[in-house]
Student: 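One structure, as structure tokens, below. Some questions next.
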Number of protein chains: 2
Amino acid sequence: MEKQTITIYDVAREAAVSMATVSRVVNGNPNVKPATRKKVLEVIDRLDYRPNAVARGLASKKTTTVGVIIPDVSNAFFASLARGIDDVATMYKYNIILANSDGDDQKEINVLNTLLAKQVDGVIFMGHHLTEEIRGEFSRSKTPVVLAGSIDPDNQVGSVNIDYKAATKEAVIKLAENGHQNIAFVTGPLVDPINGVYRLEGYKEGLKEKGLAYNEGFIFESEYTYKAGLALYERIKNSGATAAFVVDDELAVGLLNGLQDNGVKVPDDFEIITSNSSLFTEIARPRLTSVSQPLYDIGAVAMRLLTKLMNKEEIEDKTVVLPYRLTEKGSTK
Amino acid sequence: MEKQTITIYDVAREAAVSMATVSRVVNGNPNVKPATRKKVLEVIDRLDYRPNAVARGLASKKTTTVGVIIPDVSNAFFASLARGIDDVATMYKYNIILANSDGDDQKEINVLNTLLAKQVDGVIFMGHHLTEEIRGEFSRSKTPVVLAGSIDPDNQVGSVNIDYKAATKEAVIKLAENGHQNIAFVTGPLVDPINGVYRLEGYKEGLKEKGLAYNEGFIFESEYTYKAGLALYERIKNSGATAAFVVDDELAVGLLNGLQDNGVKVPDDFEIITSNSSLFTEIARPRLTSVSQPLYDIGAVAMRLLTKLMNKEEIEDKTVVLPYRLTEKGSTK
DNA sequence: ATGAAAGCGCTAACAA
DNA sequence: TTGTTAGCGCTTTCAT
């Protein structure tokens, strides 16, 4: 025969109190006489009672779980964000349902719908490009949403990012000041406004500030992979570029190895600035100069913001911009 | 005023059928007249009805979510497993609650309990060392558990791994055959039976097979971090070792860089075989020869096994051993 | 093929 | 301080 599950009713009976009282002690409600509380706790312990969170969720309309939509956990960039999210979630007694989307529009929609069906109290979204459709879903549902490392062009939902434009501008200026005239912009998909709008603007402004002309031939759109970076060597070399700002570390390490495997000296013959200061930037030889984004913190702050939203607290500004730094290592002079 | 949530009851009323019928069409039960089904679907569409998974979970005692306990998502090794898990979970209509434990015994227990409270249908556990306490919790609850990349000494729960002993033995033999007499075993915590029992045995057997003596001075226990690897250089050099088998890629790259930064040529003066064939082994120069563990597959197979357990299917063998390969790259001759 | 009705285990008024 | 009693939204017998 099946092991019978212990319910709040069993505890109430054994402790000779009402369910309401048991519920109160379980939930730490102060309106319980210490003696009663003690008695109830004793029974709970004796029966090994574990409150059923699903029943609680149905009754209270709160699940204490949040949905996290991530392109790919096995990507170091997003994994760092995810870790920050989970740590803060745990801190506030939430759990996260983690769902990979591969950045695919349809998967994002599907997964969002199943998360909402599961009554998550909030959603953290990471993705490259917010489609109209998903933004529609966001605004249609009353579940709070926060973007982590992703941008909503018109700030309907909360978001946490760095100032991509300023960071890129600073990096480009540095390369220009090191004497480079031909600076490549090695980027991920330009449909992502982080690349196609903010970073690209920063790149152009940086050039302009140093009196350099913008030239489309120096824009290299690519996947965010090591292999793509390796493969880029040939094209970049042919373009005549002598330095590059790269938006992703895997990509940058690929480019670095592509250059070095072909006898190009870094930083002597070619300088590189990359973007996330991940472990890759430490491992590479030379180590890569990089824009340091506080990835963990972006996740952590996004989750913290979400707790406030879920709590219906007043928010000063739902659009958070975290600081970045330019960390100089060995791939620049 | 609040937007009223649409329930199954609303749909039933509008469609002039019973809740039971609506439930049947939502769940694809064939016992519904096509005309009725059509009518109901129409209303569902019109009202934009979304079934509440929490209510469903309470009524059906199934949540279609599984708990995943992971030491650290931002570790590339575990992230790969997690990705495999999620992909298969999605395939079988499950979601995963992902919880980081840092390999901390107490956190593991806590998180397991909250997962069980949330009525997950199953649990996938990744961790270095199964404490008695957590094994007790596993056997006490009737929720199925599968270990991914972790070993249960007495196979109470399901698990998916590679043959660590054979892999290590093979690697050590290869190093011995390349002429090395002093082969270091660079390992993570030996309390983890994967290291302290299986790999260590493989190491010893490999030495024995090649007529080499075992010497404790060649065992280096370390954290799984790049920094720890870098720091190991000095000790390993002083030990007189001229080759190393390393159980973790980050650690191995650290050691590699430590050696090379100090002028030791790899593989000419020192050979290295590492263990996970992660991207790090590609990025390093020279690229690292490695035991290739199918990380994604370990996760995927673990999740697949869990679906069978949750489904109460008969399992031939709950202890799955996946194949590994020794992939030769540049850090061996 | 369809409906009625009893839960699932808990929270949250409201009363007392 | 404690108890009574409706639900929360759905699934699932059991009838019909």
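Note that the structure is a prediction, hence the values are computed from the model and not measured. Chain A is the first sequence line, chain B the second, and so forth, proteins listed ahead of strands; every chain is numbered from 1.
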Student: Closer than 4.0 angstrom, basic N to acidic O: yes or no for B:D105 and B:K107?
Tutor: no
Student: If I take atom CG in residue A:N29 and atom C1' in nucleotide C:dC10, what distance separates them, rounded to the nearest angstrom?
Tutor: 15 Å
Student: So does B:S18 get a side-chain nitrogen or oxygen closer than 4.0 Å to the phosphate oxygens (OP1/OP2) of C:dA4?
Tutor: no
Student: Please assess B:M303 against B:L81 for the test side chain to side chain contact (heavy atoms under 4.5 Å, CB included), listing each intermediate value before the final yes or no.
Tutor: CA-CA 10 Å; B:M303 183 64 213; B:L81 296 182; over 6 Å; no
Student: Would you mind reading off the distance between A:Q119 atom CD and C:dC10 atom C1', rounded to a whole angstrom?
Tutor: 16 Å
Student: Check A:E314 with A:K308, please: is the shortest side-chain N to carboxylate O separation under 4.0 Å?
Tutor: no
Student: With a 3.5 Å cut-off and no angle check, do the side chains of A:N155 and A:K318 form a donor-acceptor pair?
Tutor: no
Student: With the sugar-phosphate defined as primed atoms, P, OP1 and OP2, and the base as all remaining atoms, what B/S/- string results for nucleotides 5-16 of chain D, 5' to 3', for protein heavy atoms under 4.0 Å?
Tutor: --BBBBBB----
Student: With a 4.0 Å cutoff (strictly under), does any side-chain N or O of B:T36 reach OP1 or OP2 of C:dA1?
Tutor: no
Student: If we fit an axis to the first five pairs and another to the last five of the helix from C:dA1-D:dT16 to C:dA16-D:dT1, what angle do they make, to the nearest 10°?
Tutor: 30°
Student: For residues 32-40 of chain B, tabulate all N or O donor-acceptor pairs below 3.5 Å that involve a side-chain atom, not counting sequence neighbours.
Tutor:
| unit_1 | atom_1 | unit_2 | atom_2 | d |
| --- | --- | --- | --- | --- |
| B:R37 | NH2 | B:N29 | O | 3.1 |

Student: Output yes when at least one side-chain N/O atom of A:T21 is less than 4.0 Å from OP1 or OP2 of D:dT2, else no.
Tutor: no
Student: Is B:R304 salt-bridged to B:D87, cutoff N-O under 4.0 Å?
Tutor: no
Student: When the ring centroid of B:F77 is compared with that of B:H128, is the distance short of 6.0 Å?
Tutor: no
Student: Rounding to a whole Å, what distance do you find between A:R13:CZ and C:dG9:P?
Tutor: 13 Å
Student: Verify the ring-centre separation between B:F138 and B:F125: is it less than 6.0 angstrom?
Tutor: yes
Student: In this structure, how many angstroms lie between the P atom of D:dT1 and the CG atom of A:N31, rounded?
Tutor: 5 Å
